[in-house]
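The structure appears right after this line, and notes come after that.
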Protein chains: 2
Amino acid sequence: MKYSNQLRLLVAVDCIIFGFDGEQYKLLLIQRGFAPEKEKWSLMGGFVRAEETLDMAAERVLNQLTGLKDVYLEQLQAFSEPDRDPIERVIAVAYVALIDIKKYQQQIDDSFHAQWFTMNELPQLIFDHREMVTTALNNLRYKAALHPILFELLPEKFTLPQLQTLYEGLYDIKMDKRNFTRKLLSTNLLKKEKEKDKSSSKKGAFYYSLDETVYKNNFENFLNFVSKNDLNVLNE
Amino acid sequence: MKYSNQLRLLVAVDCIIFGFDGEQYKLLLIQRGFAPEKEKWSLMGGFVRAEETLDMAAERVLNQLTGLKDVYLEQLQAFSEPDRDPIERVIAVAYVALIDIKKYQQQIDDSFHAQWFTMNELPQLIFDHREMVTTALNNLRYKAALHPILFELLPEKFTLPQLQTLYEGLYDIKMDKRNFTRKLLSTNLLKKEKEKDKSSSKKGAFYYSLDETVYKNNFENFLNFVSKNDLNVLNE
DNA sequence: AAAAATAAATGTATTTTTTACACTAAATAC
DNA sequence: GTATTTAGTGTAAAAAATACATTTATTTTT
């Protein structure tokens, strides 16, 4: 038994993969291996298969094209312009992944044709992928202001200056070091480690790590990581 | 030219339609007119057609099944469990609509088989529609805490007590009248009218209306309509 | 016409949060 | 041992959020 006389469509997932290398935000792209737009830069995408959900499809595609596994991955939204793909109509459900670039650098370089691009040096993208990236970035800015989501972009141990760079980079603002530290520490999300990171200063900055329990319990809370003042910049 | 050897699927939109009648939140449902689950209660749904986007499909479905037009309508997310519809696999993209029940009461009663249900007296719904409603409600609570979205549920002229009932109803909390009024007025979203609504008290409450300019310019701002204290209730 | 009843409207003091702002501390390089 | 570099820290002022009770406008009742 089937629904008769109804249109059936291709459904794809496209992954917007944001990474942070300690200094900058980057986007992971691949050169598309098949027509149309062969060799052009593209998000990681693939068609949904019969036995998998969209979430599963996104995980699979991400893994097949980059080797990535168990990373933060979340549905963004569906894109559905009938002619977004010139070959045939495809409904695309976009997913956003956040990863620590250094953790996977080797693997991505070695085995796949994916490449990291700085956010302000993106090449031309196929189809409506540029729009997807813009939507994803706005969404990330929104979420990161309320939830401690940016930790997904950092290694397990990180320093307060790194954390601040992460926030400042996303909103392209400067924050006061003392106020930033106070706000972050007041969440109780951070555990101070005994060692220091000496790679970027003589004095060295203490490492911190996430308190996973607090993280899981408080993720959905509205935490106001970024002040309203700073956010208003986004609306100008 | 087509993508060969790829699975094609039915894609549907389902509309979660929230309404407010001045006292309570309600959900608009219809009795499904065809198998499977004929006669069971369902969200407004329909398959996407060849020439329309998902947004257009949602508008069309909403209009066909209820006569509603030009209402607040926004994509929620895609639901994709392979067996969510027992007949055949269907990818469903859920949309949320917000309307003022009284404005459309007549029309919905007269021409369609749709019916409003109080949120805590929902009948059994088909497929995964119950999950969609829960997701949509959580999403509405989230958004309404940050953006002046609940005005979509009110008539053009409304009173401060009505507005407070609207917020209190969504979060199932009591708010202080003086603090609530001060917060809402401080947004500059409200224009005081000269007339009073005398339907619910002897003294009567002044009508207010939305300042559309401020509304449009500030919608994306984070306005903190509901305090963090009150929101934490949701996470317990 | 006065009194009672009902819901709307309003202000202030206290606490909490956010902001603005500059010097000292630790380690290394020379 | 002096200079250099970045990390780390405190306090006062302003703004926002909270807790809390009486007066006002109008209608209904007597």
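Naming convention: chains lettered A, B, ... in sequence-line order (proteins, then strands); numbering from 1 in each chain.
For Q162(A) and dG8(D), the CD to C1' distance is 16 Å, given to the nearest whole Å. Rounded to whole angstrom, the span from the CG atom of L163(A) across to the P atom of dT6(D) amounts to 19 Å. Atom CG of D176(A) is separated from atom P of dT19(C) by 10 Å (rounded to the nearest Å). Atom CZ of F206(A) and atom C1' of dT9(D) are 13 Å apart (whole Å). E195(A) places its CD atom 17 Å from the C1' atom of dA26(C), with the value rounded to the nearest Å. Note: CG (D197(B)) to C1' (dA9(C)) measures 15 Å, nearest angstrom. In this entry the distance linking NZ of K183(A) with P of dT9(D) reads 19 Å, nearest Å. Separating the CG atom of L185(B) from the P atom of dA16(D) is a distance of 15 Å, rounded to the nearest angstrom.
Between the side chains of R182(B) and N179(B), at least one donor-acceptor pair of N or O atoms lies under 3.5 Å. With hydrogens and angles left out, the side-chain atoms of D55(B) and T53(B) include no donor and acceptor closer than 3.5 Å.
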Check your understanding: What string of B, S and - do you get for nucleotides 21-30 of chain D 5' to 3' if you count protein non-hydrogen atoms under 4.0 Å?
Key -> B--BBBB---
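Looking at residues two or more places apart in sequence or on another chain, you find a side-chain contact (heavy atoms from CB on, under 4.5 Å) between K174(A) and E168(A). E121(B) pairs by the side-chain contact (heavy atoms from CB on, under 4.5 Å) definition with T118(B), not counting sequence neighbours.
In this structure, S227(A) reaches the dT19(C) phosphate: one of its side-chain N or O atoms is under 4.0 Å from OP1 or OP2.
Ring centroids of H147(B) and Y142(A) are separated by less than 6.0 Å, placing the two rings close together.
Judged by distance alone with a 3.5 Å cut-off, a donor-acceptor contact links the side chain of N179(B) to the base of dA19(D). Residue-to-nucleotide contacts include a donor-acceptor pair under 3.5 Å from the side chain of R182(A) to the base of dG10(D).
In this structure dT30(D) sits in a base pair with dA1(C), meeting the Watson-Crick or G-U test at under 3.5 Å.
Salt bridge present: D176(A) and R178(A) bring a charged side-chain N and a carboxylate O closer than 4.0 Å.
Counting only distance, with no hydrogens or angles, the side chain of Q75(B) and the backbone of A78(A) share a donor-acceptor pair below 3.5 Å.
Across all strands shown, S200(A) has heavy atoms under 4.0 Å from sugar-phosphate atoms exclusively, and none from any base.
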